[in-house]
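For reference, positions follow the sequence shown, starting with 1. As the structure lists them, so they are numbered: ligands from 1, and atoms in each ligand from 1.
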Amino acid sequence: MPSNLQILLDTRPVGEASAGNFKLVTAETPALQDGEVLVRHHFLSLDPYMRGRMNDAKSYAAPQALGQVMQGGTAGEVLESRSPKFKPGDTVVGMGGWQQFSVVNAEQVGALRKVDTAHVALSHYLGAVGMPGVTAWYGLVKIIEPQAGQTMVVSAATGAVGSAFAALAKARGCRVVGIAGGPEKCQYATAELGFDACLDYKQHADALSLSKALALACPNGVDGYFENVGGMVMDAVMMRMNAFGRIALCGMIAGYDGKPLPMSYPALILMSRLKIQGFIVSEHMEVWPEALKELGTLVATGKLRPRETVAQGLAAAPEAFLGLLKGKNLGKQLVKLI
Ligand SMILES: NC(=O)c1ccc[n+]([C@@H]2O[C@H](COP(=O)([O-])OP(=O)(O)OC[C@H]3O[C@@H](n4cnc5c(N)ncnc54)[C@H](OP(=O)(O)O)[C@@H]3O)[C@@H](O)[C@H]2O)c1
């Protein structure tokens, strides 16, 4: 069996996460037992939720254990199989974690999923046609419930979730406005992702200024908001929400280092009769097949052309992850392992 480079969570962050929280080690790969499969990871997915799990705090999921391989989504190929469900050469996605290889119990429901790479590249199964894409789908379809002609806004607009959100909302006949960090991201949003407009929040000193810019980009107000960030950006959009607007609260990345992230105008929830609903995509597995079908078709037909930022080699994972938390990624952040 191959030796296996792994990245462990070594220490918990205090405030911002740093490279020193991680440790690179080499481990032996155990021999396969009946029902098990050896997977070689081609891509590792880096996702903002991993930052929350590095803390030992109350959350919807258990914290990442110290001294254990960092958990995370992976896409790769089966090298060896002692399960009738998989054969060598199958392309698969799973939760293999920050390591080159994983031994997976293929009998465990949902542990490993075969994917077809004929029309959709393997890496997209970690992004637009994977967990981030389904996240956008759930928030839009099940919480915001858009109607054609309505205006949708999404923050972290050019990321893995935001870019899928744009394609899904455009397919439903909506006006879609993004909020992203920097002119390059905003240019990409309108030129390639189909956004009708994109605002660079870094050009605005406060929520009032961003809100004024939003009023110009959303002349009919905002009917649906997909929130990825929190803080000043959320305040600005809340000021532009129409009566009976819906907010899908997906993430609050501006507060993931633990700083308080106050909401400045909660009275707007009452005055505008808003629905605000948080959600965790893994708690809605019933929608995944329908969502993945639509997302797969959008990518295969070129209607969604998601970009990726790809770091090379497992050792690059910590820096790439820290970069993701600072907005250095354009589109889905991956690590390529082979
Ligand atoms: N609820 C769920 O089940 C679920 C599932 C998946 C993801 N999520 C959440 O969805 C959000 C997007 O995830 P993703 O995977 O698509 O990541 P992503 O958007 O590809 O990358 C994160 C982006 O967040 C933005 N950002 C970082 N720090 C920020 C700050 N202080 N203020 C404003 N923006 C900041 C950056 O974009 P800019 O340069 O544009 O600022 C960065 O590129 C995250 O909040 C994540 O936690 C939730």
Side-chain angles (χ1 to χ4, degrees), residues 15-17 44-54 59-61 72-73 123-124 126-128 130-140 142-143 153-168 177-189 193 195 198-204 207 210 225-237 247-261 276-285 287-288 291 295 306-311 320-334:
E16 273 191 26
L44 164 62
S45 175
L46 298 180
D47 297 273
Y49 75 81
M50 295 165 172
R51 174 64 191 85
R53 295 209 182 154
M54 290 172 75
S59 184
Y60 61 88
S123 57
H124 289 326
L126 296 175
M131 184 278 286
V134 180
T135 302
W137 191 97
Y138 187 86
L140 178 70
K142 296 294 182 185
I143 297 177
V153 174
V154 58
S155 52
T158 61
V161 175
S163 49
F165 180 90
L168 293 166
V177 174
I179 301 176
E184 188 200 354
K185 288 190 176 183
C186 282
Q187 159 71 12
Y188 163 58
L193 291 175
F195 280 94
C198 183
L199 303 178
D200 174 3
Y201 68 90
K202 291 183 177 171
Q203 296 294 320
H204 298 275
L210 179 58
Y225 178 40
F226 192 99
E227 176 58 292
N228 283 322
V229 166
M232 180 273 252
V233 173
M234 185 170 186
D235 286 344
V237 184
I247 300 179
L249 214 162
C250 170
M252 300 212 113
I253 195 166
Y256 286 1
D257 283 335
K259 279 189 246 116
L261 205 55
I276 303 184
Q277 190 178 326
F279 70 101
I280 298 299
V281 70
S282 54
E283 292 176 345
H284 302 282
M285 295 312 292
V287 309
W288 281 56
L295 291 156
R307 282 218 211 162
E308 296 166 336
T309 299
V310 184
F321 174 64
L322 299 172
L324 167 77
L325 298 176
K326 295 205 176 299
K328 290 187 182 157
N329 61 311
L330 184 60
K332 174 69 202 167
Q333 180 68 58
L334 298 166

Original post:
Counting only heavy atoms not in Glu184, do more than 12 sit closer than 6.0 Å to its CD atom?
Top reply: no

**OP:** Please round to the nearest 0.5 Å and tell me the distance separating atom CD of Glu227 and atom CD of Gln277.
**Re:** 14.5 Å

Subject >> Residue shell around ligand 1, heavy atom under 4.0 angstrom >> reply: Pro48, Met131, Thr135, Ala156, Gly159, Ala160, Val161, Ala180, Gly181, Lys185, Tyr201, Asn228, Val229, Cys250, Gly251, Met252, Ile253, Ala254, Tyr256, Phe279, Ile280, Val281, Leu324, Leu325, Gly327, Asn329, Gly331

**OP:** Can you label the angle between the Phe165 ring and the Phe226 ring as parallel, tilted or perpendicular, going by 30° and 60°?
**Re:** tilted

Original post:
With sequence neighbours left out, what residues match Phe321 under ring-ring contact (aromatic ring centres under 6.0 Å, His included)?
Top reply: Trp98

Original post:
Are side-chain heavy atoms of Met50 and Arg53 found at a separation under 4.5 Å?
Top reply: no

Subject >> Separation between OG1 of Thr158 and NZ of Lys185, rounded to the nearest 0.5 Å >> reply: 4.5 Å

